[in-house]
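Note that the coordinates shown come from a computational prediction; the quantities given were computed from them, not determined experimentally.
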Amino acid sequence: CPKGKYTASNGCNVCAAGEHSTAAGAAWCTACGEGKYANNMTSNEGATDCIDCDAGFYSELKSVDCTICDIGKISKEAGSPYCSSCTPGTFSFFNATKCSKCPVQGFDCIDNTAKLQLYYWITNNIPITDQTVAYKCVNSNNACILSHDKYSVSCNTDKGYSGILCGECINGLYVRSGNQCVQCPA
């Protein structure tokens, strides 16, 4: 039998997913070790080798694919059998290869993830790093709405706030003392 298969009583059989054979005439297939995988479920050839998981991923014994490191965990190198937790005061997001220090302003690092503090604003969908700065919302404390996951902010349009730092009022409203958007006088 060629590489990727093993010899059985009924002839040559393809190695199961998560297994491989490196030599022709193999009597059995070998399970891929931790940190490696073989996804040969759609091939009639069988795996001749196991592939290292990329950094930011890990795998267990006899895996068919790699699992992404969760928030607050990292794997620095390819072929990692597990993800390590970030130390207190640092954070990471999915698929991370390093932990970062908590940003200085507007964030709390809790459970190894950076979360925005209440009434702080950042541009949505920017990558958060240790250099990211969040800014205090300009208008009253009800101008900015923190998302449920505490990773993004939107302006409270029901109260008339919009724009950068939720510092503008929508059409037909203006800012008066107390930094509240109110109806324009008729």
Side-chain angles (χ1 to χ4, degrees), residues 34-37 39 51-61 63-186:
E34 294 175 327
K36 299 178 179 294
Y37 73 100
N39 187 346
I51 303 166
D52 280 345
C53 293
D54 291 336
F57 292 80
Y58 73 99
S59 72
E60 297 175 352
L61 185 67
S63 291
V64 297
D65 58 13
C66 300
T67 304
I68 194 167
C69 290
D70 205 354
I71 289 174
K73 296 184 178 227
I74 61 165
S75 70
K76 294 179 181 181
E77 299 174 3
S80 183
Y82 58 88
C83 298
S84 302
S85 292
C86 292
T87 58
T90 64
F91 73 98
S92 73
F93 292 110
F94 292 109
N95 189 27
T97 58
K98 69 175 190 145
C99 298
S100 298
K101 289 181 181 178
C102 195
V104 177
Q105 180 176 315
F107 290 89
D108 291 318
C109 282
I110 300 167
D111 298 327
N112 303 108
T113 187
K115 299 201 178 216
L116 272 170
Q117 293 174 353
L118 193 58
Y119 309 128
Y120 276 84
W121 186 92
I122 60 167
T123 303
N124 289 335
N125 301 319
I126 63 165
I128 298 172
T129 70
D130 57 344
Q131 301 299 310
T132 303
V133 177
Y135 299 94
K136 189 92 167 141
C137 290
V138 223
N139 282 322
S140 66
N141 287 344
N142 64 359
C144 293
I145 301 172
L146 189 58
S147 67
H148 178 69
D149 61 11
K150 296 185 179 178
Y151 295 129
S152 62
V153 172
S154 61
C155 295
N156 189 346
T157 55
D158 289 344
K159 300 279 185 184
Y161 300 104
S162 67
I164 296 174
L165 300 175
C166 303
E168 300 171 21
C169 295
I170 59 175
N171 288 341
L173 299 178
Y174 73 101
V175 178
R176 66 172 191 156
S177 66
N179 292 329
Q180 293 186 7
C181 291
V182 293
Q183 188 73 40
C184 290

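Side chains of Leu116 and Val153 form a contact here, defined as non-hydrogen atoms less than 4.5 Å apart. Using a 4.5 Å cut-off on side-chain heavy atoms (C-beta onward), Thr67 and Tyr58 make contact. In this structure, Ile170 and Ser162 have side chains that are in contact, with non-hydrogen atoms separated by less than 4.5 Å.
Under the 2.5 Å cut-off for SG-SG separation, Cys181 and Cys169 qualify: their sulfur atoms lie closer than that. Per the SG-SG cut-off, Cys166 and Cys144 are not bridged by a disulfide [distance not under 2.5 Å].
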>> I'd like to know whether Cys109 forms a side chain to side chain contact (heavy atoms under 4.5 Å, CB included) with Phe107, so could you lay out the CA-CA distance, the side-chain angles of the two residues, the decisive distance to 0.1 Å, and finally the verdict.
In response: CA-CA 7 Å; Cys109 282; Phe107 290 89; 5.7 Å; no
>> Would Phe94 and Asp70 count as a side chain to side chain contact (heavy atoms under 4.5 Å, CB included) here? Give the steps.
In response: CA-CA 5 Å; Phe94 292 109; Asp70 205 354; 3.0 Å; yes
> Given Ile71 and Phe91, is the side chain to side chain contact (heavy atoms under 4.5 Å, CB included) satisfied, shown in steps?
Replying inline: CA-CA 8 Å; Ile71 289 174; Phe91 73 98; over 6 Å; no
>> Please determine whether side chain to side chain contact (heavy atoms under 4.5 Å, CB included) holds for the pair Ser92 and Ile74, giving the CA-CA distance in whole Å, both sets of side-chain angles, and the decisive distance to 0.1 Å.
In response: CA-CA 7 Å; Ser92 73; Ile74 61 165; 3.9 Å; yes
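Here the CD1-SG distance, from Ile68 to Cys53, works out to 11.5 Å after rounding to the nearest 0.5 Å. Here Cys155 contributes atom SG and Trp121 contributes atom CH2; the two are 7.5 Å apart, rounded to the nearest 0.5 Å. Once rounded to the nearest 0.5 Å, the distance linking NZ of Lys36 with CG of Asp52 reads 3.5 Å. Rounded to the nearest 0.5 Å, atoms CD1 (Ile145) and OG1 (Thr157) are 6.5 Å apart. Interatomic distance, Ser59 OG to Asp65 CG, rounded to the nearest 0.5 Å: 8.5 Å. Taken to the nearest 0.5 Å, the OH atom of Tyr161 stands 13.0 Å off from the CD atom of Glu168.
Within the structure, every pair that satisfies the side-chain hydrogen bond (donor to acceptor under 3.5 Å, both in side chains) test and touches residues 98-111, not counting sequence neighbours, is listed here: Asp108-Gln117.
Nearest heavy atoms, Ser75 versus Gly56: OG-N, 2.7 Å. Scanning all heavy atoms of the two residues, the minimum distance from Ile128 to Thr132 falls at CA-OG1, 3.4 Å.
Around CD1 of Ile164, the count of heavy atoms belonging to other residues, nucleotides or ligands within 6.0 Å does not exceed 12. Lys76 NZ: 12 or fewer foreign heavy atoms inside a 6.0 Å radius. Heavy-atom neighbours of Lys115 NZ from other residues, nucleotides or ligands within 6.0 Å: above the threshold of 12. Around atom CD of Glu60, no more than 12 heavy atoms belonging to other residues, nucleotides or ligands sit under 6.0 Å away. For CZ of Phe93, the number of neighbouring non-hydrogen atoms (other residues, nucleotides, ligands) closer than 6.0 Å is greater than 12.
Judged by distance alone, with hydrogens and angles left aside, the side-chain atoms of Ser80 form no donor-acceptor pair with the main-chain N or O of Glu77 at under 3.5 Å. The backbone N or O of Ser85 lies less than 3.5 Å from no partner atom in the side chain of Asn112, so there is not a single donor-acceptor pair.
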